[in-house]
Student: 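The structure's right below; bear with me while I get my questions together.
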There are 2 protein chains.
Amino acid sequence: MPSKKSAAARPVKRVPRRSVLSDDIYEMIKAMIFDHEIAPGAKVNIDALAVQLDVSQTPVREALARLESDGLIAKEPLKGYKATALLSLKEFNDLFQFRLLIEPWAAEQAAKLVDNTGKTALKAEMQSANTALKISGDDQFQALTEHDARFHALIASISGNQSVADSYERTHCHLHLFRLFMANRLHQIDGESRAKFVQELFDEYYQAGSGQLAIKEHDVIAKAIIAQNSKAARTAMHAHIESSLKRFAPAAQSINKK
Amino acid sequence: MPSKKSAAARPVKRVPRRSVLSDDIYEMIKAMIFDHEIAPGAKVNIDALAVQLDVSQTPVREALARLESDGLIAKEPLKGYKATALLSLKEFNDLFQFRLLIEPWAAEQAAKLVDNTGKTALKAEMQSANTALKISGDDQFQALTEHDARFHALIASISGNQSVADSYERTHCHLHLFRLFMANRLHQIDGESRAKFVQELFDEYYQAGSGQLAIKEHDVIAKAIIAQNSKAARTAMHAHIESSLKRFAPAAQSINKK
DNA sequence: GAATACTATTTCGTATAGTATGTTTAATAT
DNA sequence: ATATTAAACATACTATACGAAATAGTATTC
């Protein structure tokens, strides 16, 4: 069996690796949901979307079918697709309860099984978090949210359990949280008090106290895993999720009162 | 606002409720995977499938996109769809580990929150299990497997947490287990020893000891939930999954050795 | 015998037309 | 004026045919 070196040495012929259009469209629509180009609850017109993306209906239909399976879009037979509504307070709490069931375990396992590759990846991800902190405005929030998604997915992956990793990915929790936040953000225009609330929410989420609260919590988790301290990793993850729940609860609640 | 009674009294106009072809096809293909009409790892030709089911490619494409999202079918870009392979021993263990994370909690919550509707549903499901025991042969195994799927899904539903219920459903564990069993079953022809092994496996799974082992375990769980004894429900569910894991492990292992 | 060139098959996407259902508007009747 | 009915319109869903691009298999050449 050829070594990895020799394999890397010979010219790689498998270049094409062209992604299938259907997959690209899937990612594009997901992105449109993510950044509110498709608002929560908004109707999704297949034909219009196909025209807008300059493709035929076929790949759009496949993408929507997958998105429905993901729970990001709901289908009403013969009436069409709609982006799912924002999380209700109950759904929000349920989601975090679910995460509490699997993620502390995942962190514990990750600490037990992590190898050098995993440690390197964790360090790199924490670097990207610090980079994100230098951005400003909504873009920063998006960058931090994406770091958050990658960080948790990485740990689930290091845990070695594919079922757990998949189930985490499928929650799309970062997407839901980002939509909750942006929904509040977009209501800024409604009044000063709201604007202040949103700003406070943001500060509280990412820069409370001496700053970068969530990132600091990530740092604790990452360090515990790298040190292969499984108990510490579990408790740190548990604390982080509960802390994150408390930070986001006001956003979820205010939406419900609308 | 009209009461529920008056709403139920007037003739229901919402009769149409005609399912969309695309959804039917999805269920049909899933059923074909379930009963090995599409073998694990087999290639799935869209055109052939459309002809076989006597529909156009459009609904087949949507169905396959959803099935891929479910993890029941894998897509290789520009090469087509294939039914996913049987669970490897590792995947099998991972799946059960995942279930151990969420199902005991679900049972505990179910015991806390169950109402009369839930209790009635649980009793009805246990009745259907007894009915299934009267069937014979592979059909019995299928009937029992389907009861198993409904029973666990019901408890997840009673737990009240949609995220947990969804994540359980998406494991499609009953489908994977059934495929594992049938794969062994189909190898009966290979030799007497194998035939005996399969028979023993079956007996052990559903009729060990004084009989109906798994069903008895279900009964313990159901009774604990109905009695609203949450701790008992949790431990019973935990024991049941571990017991189930031990029963099925040989099947998963023998596949790996192939 | 290995690399290249050619052919066949298949996947993927497009385009378009037809049908069925939902939605809206307008007209009619109570 | 309200409610019911009917027609017009829009859209979702399905069918069908075609074409482009990649893969897989075969043959040819060195």
Side-chain angles (χ1 to χ4, degrees), chain A residues 2 6-7 9-30 32 38-39 41-69 72-84, chain B residues 1-2 6-7 9-30 38-39 41-69 72-84:
Chain A
S6 74
R10 75 168 147 80
V12 179
K13 205 163 196 177
R14 291 272 134 267
V15 190
R17 184 62 199 124
R18 211 191 60 164
S19 66
V20 181
L21 182 57
S22 168
D23 295 337
D24 296 344
I25 299 298
Y26 169 80
E27 293 298 338
M28 285 184 196
I29 300 178
K30 195 161 76 173
M32 289 171 76
I38 297 175
K43 213 167 102 47
V44 177
N45 185 313
I46 296 180
D47 195 26
L49 202 52
V51 170
Q52 183 183 348
L53 298 176
D54 196 35
V55 295
S56 76
Q57 292 194 3
T58 310
V60 175
R61 296 194 104 91
E62 285 184 34
L64 290 177
R66 289 173 57 187
L67 287 165
E68 196 214 357
S69 186
L72 264 31
I73 277 187
K75 178 168 90 167
E76 291 181 75
L78 301 176
K79 292 184 67 175
Y81 290 93
K82 291 173 62 174
T84 52
Chain B
M1 190 177 284
S6 74
R10 74 169 148 79
V12 180
K13 206 164 196 178
R14 290 272 135 269
V15 190
R17 186 64 199 118
R18 210 193 61 167
S19 66
V20 180
L21 183 56
S22 168
D23 295 338
D24 296 345
I25 298 298
Y26 169 78
E27 292 298 338
M28 285 184 195
I29 300 178
K30 195 161 75 172
I38 297 175
K43 215 167 99 47
V44 177
N45 185 310
I46 294 181
D47 196 24
L49 203 51
V51 170
Q52 184 183 348
L53 298 176
D54 196 34
V55 295
S56 76
Q57 294 194 1
T58 312
V60 176
R61 296 183 108 99
E62 285 184 35
L64 290 177
R66 289 173 56 187
L67 287 165
E68 196 215 357
S69 187
L72 264 32
I73 278 189
K75 179 168 86 169
E76 291 181 76
L78 300 176
K79 293 185 69 176
Y81 289 95
K82 291 174 64 174
T84 52

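Below, chains carry the letters A, B, ... as their sequence lines are ordered, and counting in each starts from 1.
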Student: Would you say A:K30 has more than 12 foreign heavy atoms packed within less than 6.0 Å of its NZ?
Tutor: yes
Student: What's the CG-P distance between B:L53 and D:dT14, to the nearest Å?
Tutor: 13 Å
Student: Do the non-hydrogen side-chain atoms of A:L49 and A:M32 ever get within less than 4.5 Å of each other?
Tutor: yes
Student: Looking only at side-chain N and O atoms, does A:K79 come under 4.0 Å of OP1 or OP2 in C:dT23?
Tutor: yes
Student: Could you check how far NZ of B:K82 sits from C1' of C:dT10, rounded to whole Å?
Tutor: 15 Å
Student: In whole angstroms, how far is the C1' atom of D:dT14 from the NZ atom of A:K75?
Tutor: 12 Å
Student: Please report, rounded to the nearest Å, how far the P atom of D:dA15 is from the CD atom of B:E62.
Tutor: 11 Å
Student: If I compare all heavy atoms of A:S22 with all of B:K75, which pair ends up nearest, and what's the gap?
Tutor: OG-NZ, 4.1 Å
Student: Check whether any side-chain nitrogen or oxygen of B:R61 sits under 4.0 Å from OP1 or OP2 of C:dC12, and answer yes or no.
Tutor: no
Student: Hey, is the main chain of B:I73 close enough, under 3.5 Å, to the side chain of B:T84 for a donor-acceptor pair?
Tutor: no
Student: In this structure, how many angstroms lie between the P atom of D:dG19 and the CG atom of A:L21, rounded?
Tutor: 20 Å
Student: Using whole Å, what does the distance between atom P of nucleotide D:dC13 and atom CD of B:Q57 come to?
Tutor: 19 Å
Student: Report which part of the nucleic acid B:D47 touches: base, sugar-phosphate, or nothing (heavy-atom distance under 4.0 Å, all strands).
Tutor: nothing
Student: Below 4.0 angstrom from OP1 or OP2 of C:dT10, is there any side-chain N or O of B:N45?
Tutor: no
Student: For A:S56 and B:K43, find the nucleotide of DNA chain C closest to each by heavy atoms; which residue's nucleotide sits nearer the 5' end?
Tutor: B:K43
Student: Once you round it to whole Å, what is the distance between C1' of D:dT14 and CG of B:D23?
Tutor: 13 Å
Student: Measure CG/B:L78 against P/D:dA21 and give the value in whole Å, please.
Tutor: 12 Å
